Colleague: 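Once you've had a glance at the structure underneath, I'll fire off some questions.
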Amino acid sequence: MLLTFYGHSAVLLSDGKHTVIVDPYISGNPVAPVKSSEVPKVDYILVTHGHADHFGDSVALGKRDGATIICTWELKKYFEGKGLKVHALSTGGGHDFPFGRVKATIAFHGCGGDADADGDILPPNSPVGYVITIGKRNIYHAGDTALFSDMKLIGERYQIHCACLPIGDNFTMGPDDAALACDFVKAERVVPIHYDTWDIIHSDTRIFQYKIEKQGRKAYCLKPGEGIDIP
Ligand code: NI
Ligand code: MN
């Protein structure tokens, strides 16, 4: 299972047969390593919430690839209105897809909707994270969230092979809270996200890396465009 980081919170997962992308913020993303048109063909697009730095290029990629959007119920109508296929989940709910399973998890964050490229405003919505099972690997993408102790339940219910956790502080967890989150979900490895896109979320990954290594875990601080194999 290959995980590729596209900067900010955009993460592409591929088992060689199926490809899914989470929060494809590419256009306008100052650290995106590629243009939207250069993103590989995707089968599913997972959107964690209605902020522009997360839904990003979902509509453009969804139309290009005929991909299905996975998002919360509140965002379903918006994406359907753009002519896209949508599968809606609500917090705590999971569903089996051709590539594997997705479960929507709690995330504590803002619930407003930003305007898209057409000026259409996304409706108010519940922010979520996702546990994504693909290629027999469980990936926890936390979305934008504060630290919360119920993350321990995720670690109890799943063997998390990789956690993608925000470390940029200000809008989400910072490195200290994210290190604790990594311990809560007992992730075998962690890929920090949602940092260094702008100065306001600058983060020194060396501090994060040190804290994760002290737990006996591995942090992969990927540059946008880099990936890791999760065997
Ligand atoms: Ni957000
Ligand atoms: Mn964000």
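As a basis for the values below, the full set of heavy atoms in this structure was taken, side chains included, without hydrogen atoms, waters or symmetry mates. Whatever order the structure lists ligands and atoms in, that order sets their numbers, starting from 1. Predicted, not measured: the structure shown is a model, and the values here were computed from it.
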Colleague: If I compare all heavy atoms of Gly143 with all of Thr48, which pair ends up nearest, and what's the gap?
Modeller: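 Result for this residue pair: CA-CG2, 3.8 Å.
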Colleague: Show me the pairs that pass ring-ring contact (aromatic ring centres under 6.0 Å, His included) and involve residues 210-231, at least two apart or across chains.
Modeller: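 Those involving residues 210-231 do not exist here.
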Colleague: Closer than 2.8 Å to the Mn ion (ligand 2), which protein N, O or S atoms?
Modeller: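 Listed by chain and number, the atoms are Asp53 OD2, His54 NE2, Asp144 OD2, His194 NE2.
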Colleague: Any pair with a residue in residues 111-153 that passes ring-ring contact (aromatic ring centres under 6.0 Å, His included), sequence neighbours left out, goes on the list, sorted by first then second residue, please.
Modeller: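 The answer is Phe108-Phe148.
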Colleague: Please walk me through it: do His194 and Asp53 pass side chain to side chain donor-acceptor pair (under 3.5 Å)?
Modeller: CA-CA 9 Å; His194 213 273; Asp53 58 319; 3.2 Å; yes
Colleague: His8 and Trp198: aromatic ring centres closer than 6.0 Å?
Modeller: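 That pair passes the under 6.0 Å test.
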Colleague: With no hydrogens and no angle check, just 3.5 Å: does a side-chain donor-acceptor pair link Asp43 and Thr19?
Modeller: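 Side chains of Asp43 and Thr19: no pair found under 3.5 Å.
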Colleague: Shortest non-hydrogen contact from Phe208 to Ala179?
Modeller: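 For Phe208 versus Ala179, the nearest heavy atoms are CE1-N, 3.8 Å.
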Colleague: Shortest non-hydrogen contact from Ile26 to Lys35?
Modeller: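 Residues Ile26 and Lys35, closest heavy atoms: CG2-C, 3.8 Å.
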Colleague: Could you pull out the N/O/S protein atoms under 2.8 Å of the Ni ion (ligand 1), ignoring any water?
Modeller: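 Listed by chain and number, the nearby protein N, O or S atoms are His49 NE2, His51 ND1, His109 NE2, Asp144 OD2.
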Colleague: Can you check whether Ala219's main-chain N or O pairs, donor with acceptor, with Gln209's side chain at less than 3.5 Å?
Modeller: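 Yes; judged by distance alone, with no hydrogens or angles, the pair exists.
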